[in-house]
Amino acid sequence: IPDIAIDKTLPKAIPPQPLTPAPSSNATPATSQVIAKSAPPKPPAQKPRFIKDFPSRPGDDTFLVGQEKSDSCTLASTRMALQKAVGLDVAESDLREMSSKIKDGYENNSNKWGTSPDTVATLINDNYSANARAEYHYPDSQTLDQIESAVKENKGIIVSVRNSEWLGYSAAHSVTVVDIQSDENGNQYVYVNDPWPSGQGKKMALPAEDFKRAWFGDATYIQTVKEE
């Protein structure tokens with residue numbers, strides 16, 4: 001069972017598409033018809049592969065952990081983002097305990113499952129204000145350019161992605177973005193550290209378009225607190 005991050009603000013399904021109306025039965029029949037040669041049928045569209053099927057990224061020194069619980073992806077991602085931004089490695093069990101005391105935090109919701117992404121900033125700001133500051137931006141409010149700017153500022157970045165595209169299940173999942181790079185042909189890649197599979201995690205370099213089709217457009221940014 002994949003990890004699920006509960007957030008009522010996240011879209012849950014694609015709305016039904018309007019159907020093409022049938023021609024009216026009162027239409028005047030044509031007196032003559034020109035029979036056109038029909039085009040050959042198009043091959044069925046191939047559904048993009050799930051993100052989980054992309055190969056692992058070659059090893060680097062970015063911090064990667066696998067989530068410890070089936071529903072703790074958001075807090076495993078918080079752990080990775082906090083380490084990247086501040087250099088502080090906090091046990092996931094500690095994050096789960098602190099988060100569970102926040103409304104809609106870890107398993108403190110009507111479903112008793114997962115962590116709402118918008119509670120992470122509260123967790124960081126209430127418990128690690130001496131080292132870090134965090135802010136949450138809701139779905140559809142962020143662009144890849146903003147994520148890239150945050151990468152350059154060495155912020156820890158947590159995003160929510162559609163499990164229907166990522167792991168093949170419904171609801172949402174949380175991962176961290178650690179870099180964005182372009183190759184010699186100008187193709188952009190998003191470097192992601194994913195806490196799934198549980199206890200292992202996975203590093204991937206995703207084509208930007210594949211990342212964007214799964215991403216909800218939200219972000220939690222964690223940054224170090226500079227000494228005055």
Side-chain angles (χ1 to χ4, degrees), residues 1-17 44-57 62 64-81 92-93 95-96 99-100 102-120 123 136-142 144 147 156-178 189-220:
I1 301 174
D3 175 82
I4 299 177
I6 305 298
D7 188 342
K8 294 180 182 179
T9 66
L10 300 181
K12 296 294 187 277
I14 299 173
Q17 299 300 308
Q46 296 294 316
K47 178 174 174 55
R49 58 181 168 167
F50 294 123
I51 302 298
K52 68 181 177 67
D53 295 327
F54 281 79
S56 296
R57 187 174 80 242
T62 57
L64 174 70
V65 296
Q67 61 199 65
E68 297 176 2
K69 302 289 185 179
S70 60
D71 62 345
S72 65
C73 68
T74 300
L75 297 178
S77 295
T78 300
R79 182 182 173 190
M80 290 189 279
E92 186 190 297
S93 57
L95 294 174
R96 292 198 305 269
S99 176
S100 68
I102 302 170
K103 185 180 183 301
D104 293 327
Y106 182 68
E107 296 188 349
N108 186 8
N109 51 65
S110 59
N111 295 318
K112 303 299 181 185
W113 182 268
T115 309
S116 181
D118 62 357
T119 64
V120 170
L123 186 157
Y136 177 69
H137 298 265
Y138 281 87
D140 298 323
S141 69
Q142 299 299 284
L144 208 53
I147 295 291
I157 306 164
I158 307 165
V159 299
S160 302
V161 294
R162 296 172 178 83
N163 253 341
S164 57
E165 299 287 349
W166 205 272
L167 297 173
Y169 296 86
S170 60
H173 180 53
S174 293
V175 300
T176 62
V177 175
V178 296
Y189 291 86
V190 181
Y191 286 59
V192 169
N193 285 6
D194 185 352
W196 188 263
S198 182
Q200 179 180 341
K202 185 178 181 181
K203 298 180 179 182
M204 292 178 284
L206 304 174
E209 291 306 312
D210 288 290
F211 173 79
K212 287 192 290 187
R213 70 180 165 87
W215 179 36
F216 277 113
D218 71 331
T220 298

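Below, all heavy atoms of this structure are taken into account, side chains as well, without hydrogens, waters or symmetry copies.
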Student: Quick one: pull up CG in Leu75 and CE in Met80 and give me the separation to the nearest 0.5 Å.
Tutor: 11.0 Å
Student: With distance as the sole test, does Asp71 use its side chain to make a donor-acceptor pair with the main-chain N or O of Gly114 at under 3.5 Å?
Tutor: yes
Student: Compare every heavy atom of Pro117 with every heavy atom of Thr220, then report the nearest pair and how far apart it is.
Tutor: OG1-O, 3.8 Å
Student: Please find the pair of heavy atoms, one from Tyr189 and one from Ala205, that lie closest to each other, and give the distance.
Tutor: CD2-O, 4.0 Å
Student: Got a second to check how far Ile102's CD1 is from Asn109's CG, nearest 0.5 Å?
Tutor: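 Taking CD1 in Ile102 and CG in Asn109, the distance rounds to 12.5 Å.
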Student: Check whether any side-chain N or O of Gln142 sits under 3.5 Å from a backbone N or O of Ala219 as a donor-acceptor pair, and report yes or no.
Tutor: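 Judged by distance alone, no pair lies under 3.5 Å.
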Student: Would you confirm whether Lys52, through its side chain, and Trp196, through its main-chain N or O, come within 3.5 Å as a donor-acceptor pair?
Tutor: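 Absent.
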Student: Could you tell me which non-hydrogen atom of Ser70 sits nearest to which non-hydrogen atom of Trp113, and how far apart they are?
Tutor: OG-CH2, 3.3 Å
Student: Measuring from atom CZ of Arg79 to atom CG of Leu64, what distance do you get when rounded to the nearest 0.5 angstrom?
Tutor: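 That separation rounds to 10.0 Å.
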Student: Answer yes or no: is there a donor N or O on one side and an acceptor on the other, between the side chain of Lys212 and the main chain of Leu144, under 3.5 Å?
Tutor: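 The answer is no, because no donor-acceptor pair under 3.5 Å joins these two groups.
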Student: Which pair of non-hydrogen atoms, one from Ala214 and one from Ile51, has the smallest distance, and what is that distance?
Tutor: CB-CG1, 4.4 Å
Student: Please answer whether the main-chain N or O of Ala172 pairs with a side-chain N or O of Arg162 as donor and acceptor at a distance below 3.5 Å.
Tutor: no
Student: Are the side chain of Ser198 and the backbone of Gln67 linked by a donor-acceptor contact shorter than 3.5 Å?
Tutor: yes
Student: Mind checking side-chain hydrogen bond (donor to acceptor under 3.5 Å, both in side chains) for Glu107 and listing every partner two or more places apart, or none if nothing turns up?
Tutor: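 Counting only residues at least two positions away or on another chain, Glu107 forms no side-chain hydrogen bond (donor to acceptor under 3.5 Å, both in side chains).
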Student: Looking at every heavy atom in both Val161 and Trp215, which two are closest together, and how far apart are they?
Tutor: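 The pair with the smallest heavy-atom distance is CG1-CA, 4.1 Å.
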Student: Do NZ/NE/NH1/NH2 and the carboxylate oxygens of Arg96 and Glu92 come within less than 4.0 Å?
Tutor: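 Looking at Glu92 together with Arg96, the answer is yes, because their closest N to O distance falls below 4.0 Å.
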Student: Please round to the nearest 0.5 Å and tell me the distance separating atom NE2 of His173 and atom OG of Ser160.
Tutor: 10.0 Å
Student: Hey, does the side chain of Ser174 reach the backbone of Ser77 with a donor-acceptor pair shorter than 3.5 angstrom?
Tutor: no
Student: Could you tell me which non-hydrogen atom of Lys103 sits nearest to which non-hydrogen atom of Thr119, and how far apart they are?
Tutor: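 Between these two residues, the closest heavy atoms are O-CG2, 3.5 Å.
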Student: Would you mind reporting whether Val159 and Phe211 have side-chain heavy atoms less than 4.5 Å apart?
Tutor: yes
Student: Within this structure, what is the CD-CZ distance for the pair Glu165 and Phe50, rounded to the nearest 0.5 Å?
Tutor: 7.5 Å
Student: Has Asn108 got a side-chain atom pairing as donor or acceptor with Ser100's backbone, closer than 3.5 angstrom?
Tutor: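 Looks like yes, one N/O pair under 3.5 Å.
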Student: Do Val120 and Tyr136 make a side-chain contact, defined as non-hydrogen atoms from C-beta onward lying under 4.5 Å apart?
Tutor: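 The answer is no; the side chains never approach within 4.5 Å.
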Student: In Å, rounded to the nearest 0.5 Å, how long is the span from CD1 of Ile158 to CG of Asn193?
Tutor: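 Atom-to-atom, Ile158:CD1 and Asn193:CG are 12.0 Å apart.
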